[in-house]
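Here the structure comes first, spelled out in structure tokens, and everything after it is commentary.
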Amino acid sequence: MLWLYIHFPLMLADHYRSRTAGTPVALTRGTPPVVIQASGDAHNAGVQPGQSLATAQGLCPELNLFPFRERTQTRVLEQLATAMYRFLSPLTLWEPDGLLTRADQLGQLYDSLEALTGCINRELRGMGFHCRPATGTTPRMARLLARHSGFCSEDGPALMKATRALPVTATDWPTSVKQRLNQMGLHTLGDLLNCCSNELASRLGPELQEDLQRILGKRADPLDEFHPPDRFHQYAELPQETRNADRLRFPLEHLFRALEHFLREHQYACGRIRVTLHHPDRPATPLELRTARQEYQAEAFLELALLHLNAIKLEDDVEALSIDVSHLVSRDHEVTDLFGNNRTRGEALAALLHRLRARLGADSIHQPGSRADPRPEKALRWHQSASSPDPSGTGPIRPVWLQQPPIPLREPPHRWLNGPERIQGGWWDGDYVRRDYYIAVLASGRCAWLYRNHQRQWFIHGWFG
Amino acid sequence: MTIHTANRLENDPRIWRASQHKTPNAEAVATGFPELDHLLATSGWPRGALIECHCPDSGIGEIRLFRRVMELCSGQGQTVFWVDPPHTPYAPGLSQFEMALEHFFLIRTNDDEDRIWTLEQLLKCPAAGLVMGWSPSFTPAHLRRLQLAAEGGDTMGVVVITSGPVHSASPAPVRLALTPALTQGLRIDIQRQRGGQAGRLSLALPPLLPDHGSGSEGH
């Protein structure tokens with residue numbers, strides 16, 4: 001079995017460098033903070049791991065410093081794995097900065113190992129990442145070789161030879177163990193393997209022995225296979241905190257482009273997106289975008305998101321944005337006529353209603369419905385989405401406008417048209433009414449729906465528009 | 001050269017000829033009132049146009065005036081939108097019209113800016129048949145935006161102005177003033193219309209109670 005391990009020596013520096021439009025970048029960690037990783041151009045300017053921030057910035061004035069975050073590291077590795085899943089399968093994530101795959105299975109698709117590694121190199125370089133691949137007959141052997149210097153070969157004995165030549169310091173063992181080995185005069189893995197294994201285990205602990213056996217393939221090494229998530233999540237920190245919706249446009253567009261790329265690649269579409277605005281010291285603001293039909297194009301999402309953003313007033317600065325999509329559907333075969341006009345009237349209406357909801361709020365659009373209740377104010381019911389049509393009324397005539405709340409009648413009507421109609425009910429919920437309804441034309445010429453309650457007071461309860 | 005000047009003038013697209021105006025009823029919806037159709041230059045409510053309607057009071061028959069259009073829209077599967085009406089539309093009353101209520105939408109907006117934006121979006125959308133919007137007043141610039149949107153979407157827009165002044169520079173192709181006439185009538189004052197003359201008409205609206213004779217029994 002031949003394994004291929006891809007090591008990302010400057011993973012986080014490369015990640016931040018692509019975000020800052022190619023200026024020198026260094027990662028810092030600890031108190032007081034020191035440089036732990038520097039991008040290639042920063043390195044050329046003399047920035048080295050272990051330097052203080054003042055030294056690093058003195059050497060390279062345009063240096064951008066980012067604090068190390070473990071969360072970002074995991075996220076970047078997952079993004080890399082998702083991107084490489086197109087070429088490499090099965091794929092395993094190896095924290096903190098490596099990907100592992102089976103080279104012998106991929107060998108059937110490529111002419112040679114060089115063609116495979118060349119392809120991987122090109123793809124990662126396009127994304128702005130440096131990588132160092134290496135092969136091995138076991139996963140751990142490939143990893144050690146990749147992290148040390150990189151060595152690609154299909155020849156088992158040659159790989160074994162390279163592994164034996166690796167210094168002990170190339171391993172992940174604790175520093176104290178490495179120091180003891182050096183003091184014992186065991187400098188390479190080859191020296192170690194020549195020793196008696198029982199002796200080693202008793203002196204340095206069984207873990208070291210187990211790890212050696214895994215490197216040599218004498219002990220099983222279970223691996224978790226990586227599958228790209230069936231949901232999309234991406235997080236983008238803003239270069240500057242802002243509460244201006246216009247300034248969020250470009251970061252949002254960047255995120256939606258990434259989403260479009262993801263959806264295209266997987267032949268997915270989605271109709272619901274969750275956009276989250278992260279604030280420095282307040283709970284995040286969630287926005288829920290719904291499109292009229294399953295969409296995958298960034299423009300459609302962007303338009304809706306901007307409408308939402310303009311409708312809400314941002315009260316706090318936004319420091320980061322993230323988008324989540326969990327409901328993905330496979331894209332149907334789309335029917336488009338000659339003019340690219342594939343929207344029916346129903347779709348146009350649904351799209352229109354979603355646009356209105358985005359700007360005016362979810363409770364701005366209503367449809368009439370009625371309930372079987374004799375009391376007019378209770379018979380009225382507005383619901384927010386379409387449902388089954390009500391049967392056309394054939395009962396007594398009702399006005400188009402309801403006056404809510406009813407207003408007292410101030411003048412005697414000019415002319416009576418109809419009445420009385422007794423409406424009585426509500427004893428079941430404690431809101432009892434007994435009214436006599438009349439239709440009359442008022443002196444102003446308006447046609448009103450009047451009632452007299454059981455205290456013989458007159459009210460206007462509607463208008464015949 | 002002088003001979004050609006006249007020819008050139010004739011070909012100038014900026015010149016409007018009275019003889020060339022759009023033939024009536026090409027794109028119009030019958031109002032349901034033959035007298036009113038007769039008075040309107042398009043022989044009905046024009047499509048793809050804005051109707052400016054000054055109506056200080058509700059409850060004088062302003063909805064019954066557009067009832068036929070709403071019923072036609074609903075019959076053709078088009079949608080009727082009411083934006084910011086002055087009262088709550090009463091579903092049992094609406095369901096007595098011959099229209100399916102699933103084609104009816106009520107939209108409440110927050111302010112003037114939202115209202116204009118909403119009306120513009122609705123008028124632009126071909127799925128909308130009739131868009132009615134209520135507001136105390138509209139500026140000529142707003143009406144111009146809405147008129148362009150209605151032309152673009154080929155929809156019918158009715159803006160009901162409840163109190164504002166009558167701007168002489170209104171871009172709406174049809175401008176009406178509605179006042180009540182006693183005993184269930186409606187006086188329609190066509191103040192101006194494109195390609196036609198102003199006129200005045202007292203319309204007898206259909207009685208509210210077709211079956212029962214209107215009476216004053218009881219009081």
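Keep in mind the model is a prediction, meaning the values are calculated, not measured. Values reported hereafter were calculated over all heavy atoms of this structure, with side chains retained and with hydrogens, waters and symmetry mates removed. A, B, ... follow the sequence lines: proteins, then strands. Residue 1 opens every chain.
Interface check for chain A: of the options B:Ser58, B:Gly61, B:Cys55, the most heavy-atom pairs under 4.5 Å are formed by B:Ser58. Of the residues considered (B:Asp114, B:Ile60, B:Leu186), B:Asp114 shows the highest number of contacts with chain A, using heavy-atom pairs under 4.5 Å. Ranked by heavy-atom pairs under 4.5 Å with chain B, the list A:Cys447, A:Ala440, A:Pro413 is led by A:Cys447.
A donor and an acceptor atom, one from each side chain of A:Arg355 and B:Gln121, are located under 3.5 Å apart. A donor-acceptor contact closer than 3.5 angstrom is absent between the side chains of A:Tyr432 and A:Arg434. Side chains of B:Thr109 and B:Asp84: a donor-acceptor N/O pair is present below 3.5 angstrom, by distance only. If you check the side chains of B:Arg68 and B:Thr31, you find no donor sitting under 3.5 Å from an acceptor.
The part of B:Thr79 that comes within reach of chain A is its side chain, from C-beta onward, which places non-hydrogen atoms under 4.5 angstrom from that chain. Heavy atoms closer than 4.5 Å to chain A are found nowhere in B:Leu65, neither backbone nor side chain. At a 4.5 Å heavy-atom cutoff, the contact between B:Phe81 and chain A is made by side-chain atoms alone. If you measure heavy-atom distances from A:Ile460 to chain B, you find no contacts under 4.5 Å at all.
A:Trp449 and A:His461 have parallel rings, their planes meeting at less than 30° on a 0 to 90° scale where 60° marks the start of perpendicular.
B:Glu35 pairs by the side-chain hydrogen bond (donor to acceptor under 3.5 Å, both in side chains) definition with nothing, not counting sequence neighbours.
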